[in-house]
Protein chains: 2
Amino acid sequence: MTLSSSRRRRSRQPAPASSAEGRQSLGQVVHPGGGGAPFGLHAELQKMTAQEIMDAKALAASKSHSEAERRRRERINNHLAKLRSLLPSTTKTDKASLLAEVIQHVKELKRQTSLIAESSPVPTESDELTVDKEADEEGRAVIKASICCEDRSDLLPDLINTLKALRLRTLKAEITTLGGRVKNVLFITGDDESTTCDHHSIQDALKAVMDKTAEDSASGSVKRQRTNINILQHRSL
Amino acid sequence: MTLSSSRRRRSRQPAPASSAEGRQSLGQVVHPGGGGAPFGLHAELQKMTAQEIMDAKALAASKSHSEAERRRRERINNHLAKLRSLLPSTTKTDKASLLAEVIQHVKELKRQTSLIAESSPVPTESDELTVDKEADEEGRAVIKASICCEDRSDLLPDLINTLKALRLRTLKAEITTLGGRVKNVLFITGDDESTTCDHHSIQDALKAVMDKTAEDSASGSVKRQRTNINILQHRSL
DNA sequence: AATTACACGTGATTC
DNA sequence: TGAATCACGTGTAAT
């Protein structure tokens, strides 16, 4: 990519030479009639006042503008400082590098938490679906499927029907519910030797079940409470 | 705080009116002798070329400068976009609000992981010390102390002596080591009724033990390996 | 001397 | 209309 091609301005009209001829720098405004020029007194005064009025207006506007912008910058930098304090390595003073480290840190934390969530039987707030191939103690191929989603009365029948349609047999199921959420950890295997046992078909089928919303069959079902409950119900079959 | 007092500029000299009278705006440089003024031809040409040289130099410098700044901006904004994509709620388009959400998210993730680490017997890479009051099954007050730090040969004796000095009795201890790190989870209670059992003293004493570095008694002790090992040694007594 | 990074003020744009 | 946000070019300091 060339340097010039990297220029992407905002979608804006081709600068229609803004009506008022752009005042320059506005910190030290030029007064065209300010040096005792040969004008009538009232004219000069009038011009002065008019100019001063314009100046005052423009200066006030510009002042508030720049101050607002300063406040915005201050907010952003405060947030960056807070982020820097939260990070383990305080060393990098550079702003862009700081953000890069924040990205790495967020990714790392997300990785850790998702790893924890996968190995935990307690359902989380976000939907999850993992399908892993494992080795049975007899060397038989076993698939461990973990499904975490909103609980509903016909989730288990749906799962059973889905697995039956795929000609799969569930060896063990750990079902844990918490506050209207449910996490099913299924250990499934092929019904016989000639069965569709690939990841993709299983994942897709289970995802379809997971994504089914709760409004079906029982049309006017009461909305279940979603607040955190300290009661943990766990049944293993 | 007044508005004017909020202005804090960088530590800079009071603007010594930079030697060359500051060229203005540099995008459309004013040519003082550019309008066919009554000068000699060679003088005019010389002036023109000199001016043009200056212009070319300055313009090139300014160009590279502005382009460098543009690249910097682009880097930062790319990082911000990446952060935005990592966040759960993509809604907030505002830049400052985005950073605020990043802060919240990082805090939340840190909270979750630290919570996990506390309840896990496996030592982590960072030193940790938690002292929690718990209830015994007989209603007796029990204190659960978790200490995660670099392992050393006299850590356990130190802990024992410290607890003895505080007249505390350890009911149970779970000691888990991994790759030169150790995590001790102690369940302790008062030796008798008149014992110093408050959090602060226990926390301080244990922190002193935890912060003791490994160079003592065995002066020239060999530096233990710090790489991750997949062997997990756990003994509960 | 050239590069890098930051804060600033400003024009444009959106609501 | 103001208020708020953004990208931009620039001045300035540090390396």
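Every value quoted in this text rests on a predicted model; they were computed, and no experiment measured them. By convention in this document, chain letters (A, B, ...) are assigned in the order of the sequence lines, proteins followed by strands, and residues within each chain are numbered from 1.
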Starting at CG of Leu59(A) and ending at C1' of dT10(C), how long is that distance when rounded to a whole Å?
13 Å
Among dT4(C), dC6(C), dG9(C), which nucleotide has an atom closest to any side-chain atom of Arg71(B)?
dT4(C)
Is the distance from OP1 or OP2 of dT10(D) to the nearest side-chain N or O of Ser62(B) less than 4.0 Å?
yes
Side chain of Arg75(A), heavy atoms from C-beta onward: which of dG9(D), dA5(C), dT5(D) has the nearest atom to it?
dT5(D)
Rounded off to whole Å, could you give me the CD1-to-P distance for the Ile76(A) and dC8(C) pair?
12 Å
Applying salt bridge (charged side-chain N to carboxylate O under 4.0 Å, His left out), which residue pairs with at least one partner in residues 109-122 of chain B are found, sequence neighbours left out?
Glu108(B)-Arg111(B)
Partners passing side chain to side chain donor-acceptor pair (under 3.5 Å) against Arg75(A) (at least two apart in sequence or in another chain):
none
Test side chain to side chain donor-acceptor pair (under 3.5 Å) applied to Thr162(A) - qualifying residues, sequence neighbours left out:
none
Listed partners of Ser97(B) passing side chain to side chain donor-acceptor pair (under 3.5 Å), at least two apart
Asp94(B)
Please give, in whole Å, the distance from dA14(D) P to Asp94(A) CG?
17 Å
Taking atom C1' of dA7(C) as reference, at what distance in whole Å does atom CZ of Arg73(B) sit?
12 Å
State whether Lys95(B) places a side-chain N or O below 4.0 Å from either non-bridging phosphate oxygen (OP1 or OP2) of dA4(D).
no
Using only side-chain N and O atoms of Arg72(B), determine if any of them is under 4.0 Å from OP1 or OP2 of dC6(C).
yes
Do the side-chain N or O atoms of Arg70(A) get closer than 4.0 angstrom to the phosphate oxygens (OP1, OP2) of dA7(C)?
no
Calculate the interatomic distance between Leu80(A) atom CG and dA5(C) atom C1'; express it in whole Å.
14 Å
Output the rounded distance in Å from CD (Glu74(A)) to C1' (dT5(D)).
16 Å
Bend across the helix from dA2(C)-dT15(D) to dC15(C)-dG2(D), to 10°, with axes taken over 5 pairs at each end?
0°
Any donor-acceptor N/O pair under 3.5 Å between dG11(C) base and His65(A) side chain
yes
Side chain to side chain contact (heavy atoms under 4.5 Å, CB included) partners of Asn78(A), counting only residues at least two apart
Glu74(A)
Under 3.5 Å, is there an N or O donor on one side and an acceptor on the other linking the side chain of Glu69(B) and the base of dC8(D)?
no
Toward the 5' end of DNA chain D, which comes first, Ala96(B) or Ser64(A), by nearest nucleotide?
Ser64(A)
